[in-house]
Amino acid sequence: MKYYLIVGEASGDLHASHLMAALKAEDPQADFRFFGGDLMAAVGGTMVKHYKELAYMGFIPVLLHLRTIFANMKRCKEDIVSWQPDVVILVDYPGFNLDIAKFVHAKTQIPVYYYISPKIWAWKEYRIKNIKRDVDELFSILPFEVEFFEGKHQYPIHYVGNPTVDEVAAYQEAHPKNKNLFIAENQLEDKPIIALLAGSRKQEIKDNLPDMLEAASAFPDYQLVLAGAPAIAPEYYKKYVGEAKVKIIFDQTYRLLQHADVALVTSGTATLETALFRVPQVVCYHTPIGKIVSFLRRHILTVKFISLVNLIADREVVKELVADTMTVKNMQSELKNIIGNEAYRNEMLSGYEYMAERLGPAGAPRRAAREMLHLLKK
């Protein structure tokens, strides 16, 4: 069959590449065409556009690139109609993908499948109308979304498990733990490690890193190791590192988490990855207008937590220091609890086990691929 996939960022490229490989295993004659990235290209098929030409984040960048965004949408729509795939598979990236879904539903007979559903349970819940109207089948990777879509909105979905479970498990199987080698290859000290995951975008790093460094520097028995984001130049980090004693390593985030003793992590998939590596963590996310954001979070956002760990467990497993609560003092206090209080640390690790149980076993891409083929053949 012919599969047309659309992703808009690096994480989508990763997840879509695994889904494509799983589809290929089930359908050896699978033909792929996509808006995607290098990982998808490595699986095979035809790349129409690289996601880097689509990925504009924030109000001003989007405003400045409106002409390009609309041109990409137009090209995508025309290309789908021209190629006539058996299915269009959208991966996350709702701002772009829901517009594509609307067009495909209105103008063609091609089914629309959504893999990694839009996070409308946190923001823009009104989009459920568009999803019900334009998306034929939705494949979820977060267990609490079942109750949200099916219980609250009477829209049946497929929970297939979480691909991050597969990615972490595959890494651990292929890379047995060897701390001495990790220390030697990265010129680290023979000391416990505080891992710093300060985000993947420049604004996140600018807002989070200085306070994270100041907080973690209060523990001299530990060494600080910062996970460098792939799209950020080393020179950019130097502006915010200052006099802090920290080692920056690139393209080794999983390896760092494998050997870390504790972590300071900005919100996002990184919180889930840290938990799956069983590293106790503090979730911290600074915003320049902290008190306003805290107010909005209490009165407008519809979720109790911001970290995937707590959302999946449906209780506070890890401490979230967000907006006006993200202070150096609070981070130090939480690090001290994790490092010095064994019962507290063990309770968090127990919470990780409960979270992992709720996620279910590895195999999400394979389950999604099989279900997609079953539905398409019907």
Side-chain angles (χ1 to χ4, degrees), residues 2-25 27 30-58 61-62 65 68-80 83 85 87-101 104 112-119 139 141 160 162-168 170-171 174 197 199-202 204-205 227-233 236 250-254 268-270 272-273 364-366 368-369 372:
K2 293 160 70 176
Y3 304 86
Y4 201 108
L5 295 96
I6 305 167
V7 315
E9 53 202 350
S11 62
D13 180 30
L14 175 68
H15 296 321
S17 70
H18 291 158
L19 176 65
M20 287 165 65
L23 285 166
K24 213 171 184 177
D27 176 11
D31 190 3
F32 299 113
R33 192 171 175 88
F34 51 87
F35 274 46
D38 302 334
L39 297 174
M40 295 168 73
V43 177
T46 303
M47 187 193 300
V48 183
K49 282 267 185 186
H50 200 287
Y51 71 80
K52 287 178 182 174
E53 297 180 58
L54 311 178
Y56 300 108
M57 304 295 292
V62 167
H65 294 92
T68 305
I69 291 166
F70 286 135
N72 285 334
M73 278 185 175
K74 186 170 184 284
R75 171 78 196 281
C76 186
K77 291 169 183 175
E78 289 171 351
D79 198 55
I80 290 168
W83 198 55
V87 63
V88 172
I89 301 173
L90 310 172
V91 182
D92 206 354
Y93 204 55
F96 189 95
N97 275 336
L98 285 175
D99 187 82
I100 298 298
V104 174
V112 175
Y113 289 4
Y114 216 122
Y115 180 59
I116 306 184
S117 51
K119 296 171 182 62
F139 299 81
I141 64 167
V160 294
N162 195 291
T164 304
V165 174
D166 294 68
E167 287 145 21
V168 170
Y171 179 86
L197 282 70
S200 58
R201 301 189 184 105
K202 286 185 175 180
E204 286 177 326
I205 294 160
I232 307 294
Y236 186 79
F250 288 87
D251 304 314
Q252 297 186 66
T253 301
Y254 276 13
T269 306
L272 177 56
E273 291 168 331
R366 185 180 67 249
M372 286 178 182

Nearest 0.5 Å, what's the CE-CZ distance between M372 and F139? 4.5 Å
What's the spacing between I141 CD1 and L272 CG if we round to 0.5 Å? 8.5 Å
Quick one: do K77 and D99 make a salt bridge, cutoff under 4.0 Å? yes
What orientation do Y254 and Y171 show, parallel under 30°, tilted 30 to 60°, or perpendicular over 60°? perpendicular
Is any side-chain heavy atom of Y93 less than 4.5 Å from a side-chain heavy atom of I6? no
In the structure I gave you, are the side-chain heavy atoms of H18 and D166 within less than 4.5 Å of one another anywhere? no
Y236 and K202 have their tightest heavy-atom pair at OH-O, 2.9 Å
Below 4.5 Å, heavy atoms only, C-beta onward: do L98 and Y114 meet side chain to side chain? yes
If you look at every heavy atom in D13 and V7, which pair is closest and at what distance? N-CG2, 3.8 Å
Of all residues at least two apart in sequence or in a different chain, which pass the side-chain hydrogen bond (donor to acceptor under 3.5 Å, both in side chains) check with R33? D79
Given side chains that start at C-beta, do those of D31 and W83 come closer than 4.5 Å, heavy atoms only? yes
Please give me the minimum heavy-atom distance between M47 and G37, naming the atom from each residue. CE-O, 3.3 Å
Could you report the tightest heavy-atom contact between P85 and I80, atom names first, then the distance? CD-O, 3.4 Å
Can you tell me how far CG of L14 sits from CD of E167, rounded to the nearest 0.5 angstrom? 4.0 Å
I need the I89 CD1 to L19 CG distance, nearest 0.5 Å. 5.5 Å
Hey, what do you get for CG (D92) to CG (N97), rounding to the nearest 0.5 Å? 8.0 Å
Heavy atoms of V43 and S17 approach each other most closely as CG2-O, 3.5 Å
Measuring from S11:OG to Y51:OH, what's the distance to the nearest 0.5 Å? 8.5 Å
For the residue pair Y115 and P163, what are the closest heavy atoms and their distance? OH-CG, 4.0 Å
